[in-house]
Every structure is written in C-alpha cells, then in structure tokens.
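A quick note: this is a predicted structure, and the numbers were derived from the prediction, not measured.
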Amino acid sequence: MPELPEVETVVRGLRKPLIGRTVHGIWYDWRNTIRTPSPDDFAARIDGQTFRAIDRRAKFVLCRLDHDILVVHLKMTGRLYVTDDDVVHEADRWLHFRAQLDGGQQLRFSDARKFGFVALVRDLSEIAARIGPEPLEDDFTPAVLRERLAGHKKAIKATLLDQDVLAGVGNIYADEALWHAKIHPLRAANGLSDDEIMRLHTGIRQALASGIEREGASVSWYRKPDGTLGEAQDHFAVYDRTGKPCLRCGTLIEKTRVAQRGTHYCPTCQTLA
DNA sequence: CGGACAACCTGGCGGC
DNA sequence: TGCCGCCAGGTTGTCC
C-alpha cells in the first residue's frame with residue numbers, strides 16, 4: 001500500500017484512538033513480524049508504556065511511547081488499526097501482531113504478504129540509518145533536491161525511489177511527479193536542468209500533497225485506519241492508466257519497466273531528448 | 001558505483 | 001471450476 005501519503009493518512013487516523021492509551025501485553029503469530037528486539041524483550045519493554053504521540057518519517061509509522069518508539073513499516077500490504085476487543089475486523093484475516101490497550105481496545109497489525117514489521121527502538125536510526133529529507137517540509141527546496149540528485153547518474157525514476165535520496169516517494173508518486181514535471185523516467189538524475197529540477201520539485205510536492213488530501217490511494221490493499229478507501233487513485237494522471245489518454249495532450253499512456261518497477265508515462269509529454 | 005535479480009510472502013486476476 | 005503464470009504500493013542483499 002503505502003507511500004508517504006498513505007502512511008501519513010494512517011498516522012493521522014491513529015492519533016485520536018491511540019494517544020493516551022497504555023499497553024498491557026502483546027500477541028503475535030509470525031516471528032518475522034517483530035523485527036527487534038527479541039519477542040520476549042519486546043513484550044517486556046512495551047508493557048505499561050503509554051502512547052504519547054504518533055508521527056511519520058519517510059514510510060515509517062512512529063508511535064512514541066514513554067521510553068521507546070514503536071516503529072511500524074507497512075511495506076506492501078500492512079494494515080494498522082485500533083478496534084474494540086470484541087470486534088472482528090475485515091483485515092484480521094491476516095493479523096500477525098496485536099497490542100492490548102487499556103479501555104478494552106487493541107492496536108492491530110495485519111499483513112497479507114508478511115513483508116511488514118513492528119520494532120521497538122529508542123531511536124529510528126537503530127533500524128534506518130540513512131533517510132533523505134522529507135519532501136513536504138519547508139526546508140525541502142529545489143536547491144536541496146538538486147543537491148540530493150547530484151552524483152546519481154542512474155534513472156531519475158530509480159533515484160526518486162531511493163529512500164536515502166528522498167524520503168517517502170514510492171512507485172505511484174514517482175510516476176505522478178515525473179508526469180507533472182514532464183520528465184521521462186529514464187532521464188539521468190544528475191542530468192536535469194535547473195528548470196527541470198524546479199518542475200520536479202513542484203511535481204513531487206504536488207503529487208504527494210494531492211495524495212494526502214485524498215487520504216491515500218486504494219489501488220488494491222490500502223485502507224484508511226477506519227477501513228474505508230482512500231480516493232487518490234481516482235485522480236492519478238498516469239499510474240494505472242495504461243492505454244488511457246494523457247490528461248494534458250491526449251496521447252495514450254504507456255507502461256514500461258524502470259528499475260524492475262512498472263512505470264507509467266506519457267510518451268509525448270515526457271521525452272528522453 | 002550501477003544494474004540486474006533474487007528473496008522475503010501471499011493474494012488476486014486474466015487466460016486457457 | 002481449476003490450474004498456471006504473472007503482477008503487486010517496499011526494501012535488502014548478492015553477484016557481476
């Protein structure tokens with residue numbers, strides 16, 4: 001599911017039900033779901049801690065407890081939600097982790113593909129050493145983008161997906177941002193003109209802001225914490241629009257592969273030369 | 001360093 | 001209906 005807009009939507013939806021709640025025990029059924037520390041240490045450490053704040057960094061959900069951070073990565077199919085103890089949730093079919101809360105509620109993590117994980121750390125750097133700048137922060141300027149792209153001569157699409165270069169952009173929003181900027185996904189990252197970098201900077205922020213505004217893209221697995229669909233997919237310019245007309249010029253959108261990822265673009269608006 | 005590719009896993013979908 | 005191959009929003013590690 002989850003790129004920056006989807007994770008941001010999850011974070012916003014979890015604040016109200018989670019902040020102020022205290023953990024009283026955990027349950028899990030898949031060893032790899034708890035990345036660190038060991039399940040026994042995890043259980044002992046989290047017990048009795050209260051959720052104080054919920055934030056996002058890149059695609060990580062950061063649940064700030066009294067002494068630790070409960071970090072959750074949703075990867076492709078992760079879902080994170082709070083329900084009453086006795087509620088059977090539609091996503092429980094793939095439930096792998098649960099934290100019992102006071103007040104008769106539970107924080108649940110479900111993940112059909114089991115790529116996602118939860119972790120308990122003092123600092124995010126323990127599991128993610130280098131993460132690029134947050135593209136929606138005020139200090140992310142075109143100059144910062146130019147500096148981040150310098151030295152990367154591989155395809156701009158692949159570079160945008162690199163979380164060390166820039167935080168939070170994934171396959172959907174990379175395609176959308178490049179369409180907005182009228183840049184071909186195979187252009188060299190360090191070969192963009194100043195004007196193109198300006199357009200890409202705008203395109204990245206526009207694509208991500210639009211995604212957040214629509215509360216994420218429910219292409220297949222993603223749901224908001226309340227279980228309902230996001231609406232960003234109804235406003236894509238190129239992603240999942242193969243064979244449909246470009247919203248700018250009418251040319252049919254094409255799909256190819258860049259960095260082993262499905263890549264959608266307009267062959268007229270986004271050229272290599 | 002870059003690029004290709006496999007791994008980690010499962011589910012959904014289209015085609016036959 | 002059943003089976004098969006392919007695809008999927010992410011990340012990491014390996015090999016050349």
*Asks:* If the cut-off is 4.0 Å, is A/R113 near the phosphate of C/dC7, judged by side-chain N/O to OP1 or OP2?
*Replies:* no
*Asks:* For residues A/D68 and A/Q49, is any side-chain donor paired with an opposing acceptor at under 3.5 Å?
*Replies:* yes
*Asks:* Only stems of 3 or more consecutive Watson-Crick or G-U pairs count here, both distances under 3.5 Å; name the ones for DNA chain B, or none.
*Replies:* B:2-8 with C:10-16, B:10-16 with C:2-8
*Asks:* Establish, yes or no, whether a centroid distance under 6.0 Å links the rings of A/W221 and A/W94.
*Replies:* yes
*Asks:* Would you kindly check if the NZ (Lys) or CZ (Arg) of A/R248 is within the cone defined by 45 degrees around the ring axis of A/W179 and under 6.0 Å from the six-membered ring centre?
*Replies:* yes
*Asks:* Let's see if you can work this out: which of C/dT11, B/dT10, B/dC8 has an atom nearest to the side-chain heavy atoms of A/K75?
*Replies:* C/dT11
*Asks:* Rounded to whole angstrom units, what separation is found between the NZ atom of A/K114 and the P atom of B/dG11?
*Replies:* 8 Å
*Asks:* Can you tell me how far C1' of C/dA8 sits from CH2 of A/W221, to the nearest Å?
*Replies:* 10 Å
*Asks:* By the 4.0 Å heavy-atom rule, please label A/Y239 as base, sugar-phosphate, or nothing.
*Replies:* sugar-phosphate
*Asks:* Taking only the P atom of each, what is the distance from B/dA6 to C/dC6 in whole angstrom?
*Replies:* 12 Å
*Asks:* Between A/Q260 (CD) and C/dT11 (P), how many Å, whole number?
*Replies:* 15 Å
*Asks:* What is the distance, to the nearest angstrom, from the CZ atom on A/R79 to the C1' atom on B/dT10?
*Replies:* 15 Å
*Asks:* Please tell me which of the listed nucleotides, B/dG2, C/dC7, C/dG10, lies nearest to the side chain of A/K255?
*Replies:* C/dC7
*Asks:* Taking the six-membered ring of A/F117 as reference, does the cationic atom of A/R35 (NZ for Lys, CZ for Arg) lie under 6.0 Å from its centre and within 45° of its axis?
*Replies:* yes
*Asks:* Please give, in whole Å, the distance from B/dT10 P to A/D29 CG?
*Replies:* 11 Å
*Asks:* Within this structure, what is the CD-to-P distance between A/Q163 and C/dT12, rounded to whole angstrom?
*Replies:* 9 Å
*Asks:* Taking only side-chain N and O atoms of A/H73, does any of them lie within less than 4.0 angstrom of OP1 or OP2 on C/dG10?
*Replies:* no
*Asks:* Show the numbers, then the answer: is there a ring pair (Phe, Tyr, Trp, His ring centres under 6.0 Å) between A/F109 and A/H96?
*Replies:* CA-CA 6 Å; A/F109 174 72; A/H96 297 301; 7.5 Å; no
*Asks:* Can you find a side-chain donor-acceptor pair between A/D195 and A/S193 that sits under 3.5 Å?
*Replies:* no
*Asks:* Report yes if some heavy atom in the side chain of A/R261 is under 4.5 Å from a heavy atom in the side chain of A/L161; otherwise report no.
*Replies:* yes
*Asks:* Between A/A259 and A/W30, who's closer to the 5' end of DNA chain B by nearest nucleotide?
*Replies:* A/A259
*Asks:* Using a 4.0 Å heavy-atom cut-off, does A/G151 contact any base of the nucleic acid, only the sugar-phosphate backbone, or nothing at all?
*Replies:* sugar-phosphate
*Asks:* I want to check one thing: is the phosphate of B/dC9, taken as OP1 and OP2, less than 4.0 Å away from some side-chain N or O of A/N32?
*Replies:* yes
*Asks:* Could you tell me the separation between the OH atom of A/Y222 and the C1' atom of B/dG12, rounded to a whole number of Å?
*Replies:* 21 Å
*Asks:* Among the nucleotides C/dA8, B/dC8, B/dG11, which one has an atom lying closest to any side-chain atom of A/A112?
*Replies:* B/dG11
*Asks:* Whole angstrom is fine here: how far is it from CH2 in A/W94 over to C1' in B/dT10?
*Replies:* 10 Å
*Asks:* Applying a 4.0 Å non-hydrogen cut-off, can you work out what A/R257 is touching in the nucleic acid: base, sugar-phosphate, or nothing?
*Replies:* sugar-phosphate
*Asks:* I want to check one thing: is the phosphate of C/dG10, taken as OP1 and OP2, less than 4.0 Å away from some side-chain N or O of A/R261?
*Replies:* yes
*Asks:* So A/D111, base contact, sugar-phosphate only, or nothing? Heavy-atom distance under 4.0 Å.
*Replies:* nothing
*Asks:* Under 6.0 Å between ring centres: does that hold for A/F115 and A/H73?
*Replies:* no
